[in-house]
Amino acid sequence: RVALSAMAEPRAGPVSALGRCSTFWVVLLPCIIALRAPIREVSDEYDAVLHAYCSASLVAEFQVLSGPAKTRLLRALRNGVETVVVQRSISGSSGARFQGEVGQHDRDDCPLARAIARQHPKLVLEQIVADALTRDLLPTWGTLRSKAFHLSKFESGEAAGMAAVSCPAVPLRRAGSYSWATLENTLVADLTLFEAAVGKVLAGSLVVKPIVDVGVASVLEDDRGDSIPIAICSVRLGEETSAHAHDMLAKAFPRGLRVQIAEPYVHIFADGTRCVCVGDPTNIRVDIGGGAGGGSDLAKAKNEGNGLFARGDFRAAAAVYWSGLQNGGHEVAVLLSNRAQALIKWERWAEAMQDAAAALLLDRTQAKAWLRYEAAVRGLGFADVAARSRAVSGEESTEVPGPSTSSMRRLLRMVLSELLASPRPGAGEVAPADAREQGNVAYGEGRYDDA
């Protein structure tokens with residue numbers, strides 16, 4: 001308040017303004033230092049708690065974490081301890097109560113008492129709750145647990161909180177900022193606490209019936225047999241009613257479904273449970289086998305999707321169909337992009353634009369598809385839209401203004417009218433494995449219609 005008052009004093013001239021700024025910082029800087037000091041001391045205290053009472057494996061993981069990840073882990077540990085202590089003090093159960101200052105003996109001899117006293121100086125930590133923390137919570141807090149343990153928590157309803165809370169603020173990237181095809185497989189045991197596994201994908205099967213609240217919680221078992229809960233946070237289904245939305249989400253993530261999670265982030269909840277938090281629903285997708293199967297992946301997606309459709313699980317069926325296109329989508333996208341090039345040579349601009357756009361929908365990292373999209377749009381006479389598409393693709397480093405709304409409307413009207421007026425080029429009975437090779441031969445010979 002003193003600092004703000006000094007800033008507000010009605011003095012004239014730049015020198016007075018400089019003086020007000022100096023007064024402001026002279027008064028405020030000690031306040032900032034004083035406020036930051038307890039935070040640092042709390043981290044130091046819970047560092048001691050971690051080393052004194054938590055498992056050796058967790059301590060070893062902690063040692064190699066980055067600075068921000070260490071801070072997040074210690075903050076989570078503090079939340080876990082204080083949740084137990086404060087709950088007991090509020091409920092009045094034996095173990096924690098508010099009264100005079102904590103005794104000096106407690107602070108000197110017990111890292112846990114020192115840590116709690118730093119935040120709650122008038123809270124007396126009695127032996128019964130100290131034993132509960134050091135015997136029941138802290139030895140297994142943050143450790144990898146067995147599949148049986150997770151199944152028990154989900155079956156008893158103890159895991160309901162995972163679906164009822166928002167995910168912590170995590171350094172996640174949206175699905176458009178990476179390509180699924182370039183992600184490398186990882187396992188539960190290889191994930192780093194409180195850090196996103198950049199460039200990695202975690203695949204596995206859901207082994208429990210999901211819990212649905214504002215989000216969805218389940219348990220994923222990876223290909224090596226290790227299990228970890230997953231929390232898909234703040235999932236929204238448009239205007240669906242609450243009951244219907246819950247039903248649809250439960251059907252979308254059934255037991256036995258195989259999923260992939262891009263760049264997974266591992267959080268530790270207050271009760272010590274490790275959990276992969278999916279803050280953006282676009283970072284999880286159905287996994288129907290992956291790899292370079294191409295046509296086999298498409299067949300798997302078709303069969304699995306047809307089964308879901310027949311049972312009335314239309315959203316899940318749509319997700320499986322789309323995942324099949326993405327998993328086997330590299331070859332599909334290449335064929336679409338190649339056909340766009342053939343159509344460009346044939347000067348079928350509207351159809352070329354459609355094929356290039358479809359290729360980019362499947363794999364937006366395809367540089368050739370971007371170039372063909374740009375060429376098709378330019379061929380239709382919309383240079384401003386073409387320039388914008390080049391900027392979006394990353395080919396141009398300079399800022400390019402977006403096209404006008406009228407340009408976009410005219411382009412869409414033209415493309416739609418041309419597509420409706422002319423039939424698609426005919427296609428013979430060509431096996432998918434041979435289509436790319438035969439099309440390339442026809443293109444090389446200048447037979448763009450056949451290509």
Side-chain angles (χ1 to χ4, degrees), residues 144-165 167 185-189 191 201-237 240 242-262 264-267 269 271 273-290 297 300-324 326-327:
L144 280 171
R145 307 302 294 270
S146 67
K147 177 180 176 180
F149 174 84
H150 296 310
L151 292 178
S152 175
K153 286 197 70 170
F154 271 75
E155 289 170 2
S156 66
E158 293 178 47
M162 293 183 190
V165 299
C167 276
N185 290 328
T186 189
L187 296 167
V188 169
L191 297 177
V201 60
L202 175 66
S205 300
L206 304 183
V207 295
V208 296
K209 181 180 178 181
I211 297 175
V212 180
D213 201 298
V214 297
V216 181
S218 186
V219 175
L220 180 144
E221 183 177 31
D222 70 12
D223 295 333
R224 198 167 68 182
D226 291 327
S227 300
I228 191 169
I230 65 171
I232 309 164
C233 306
S234 303
V235 180
R236 300 182 184 276
L237 286 178
E240 301 282 3
S242 178
H244 191 226
H246 279 217
D247 183 53
M248 295 307 297
L249 284 171
K251 288 182 177 180
F253 297 96
R255 180 192 287 117
L257 183 70
R258 187 170 174 85
V259 299
Q260 292 179 318
I261 300 174
Y265 176 92
V266 181
H267 178 71
F269 283 100
D271 66 353
T273 302
R274 290 193 190 204
C275 180
V276 172
C277 291
V278 183
D280 182 351
T282 62
N283 288 340
I284 184 170
R285 70 175 188 175
V286 177
D287 176 18
I288 59 168
D297 288 339
K300 289 178 185 176
K302 178 183 175 182
N303 294 334
E304 185 176 344
N306 287 351
L308 292 167
F309 187 92
R311 295 199 299 269
D313 295 347
F314 305 122
R315 288 180 184 271
V320 169
Y321 290 140
W322 177 238
S323 180
Q326 290 180 308
N327 285 343

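A pairwise comparison of heavy atoms in Ser218 and Leu206 identifies OG-CB, 3.7 Å as the closest pair. When all heavy atoms are compared, the tightest approach of Glu304 to Leu257 is OE2-CD1, 4.0 Å. For the residue pair Ser227 and Val219, the shortest heavy atom distance occurs at CB-CG1, 4.0 Å. Summarising the geometry of Pro264 relative to Val276, their closest heavy-atom pair is CB-CG1, 3.8 Å, with the distance given to 0.1 Å.
Screening Ile261, Val259, Val216 for a side-chain contact (heavy atoms from CB on, under 4.5 Å) involving Val278 leaves a single residue, Ile261.
Every ring pair (Phe, Tyr, Trp, His ring centres under 6.0 Å) that Phe309 has, sequence neighbours left out, goes to Phe314. Asp226 pairs by the side chain to side chain contact (heavy atoms under 4.5 Å, CB included) definition with Val188, Ala189, Asp222, Arg224, not counting sequence neighbours.
Taking CD from Glu158 and OG1 from Thr273, the interatomic distance works out to 9.0 Å, rounded to the nearest 0.5 Å. To the nearest 0.5 Å, atom CD of residue Glu221 and atom CG of residue Leu151 are 8.5 Å apart. With rounding to the nearest 0.5 Å, the separation of CG in Leu220 from CG in Leu202 is 5.0 Å. Distance check, rounded to the nearest 0.5 Å: CZ of Arg258 to CG of Asp223 gives 4.5 Å.
Under the 30°/60° scheme for interplanar angles, the aromatic rings of Phe269 and His267 are found to stand perpendicular.
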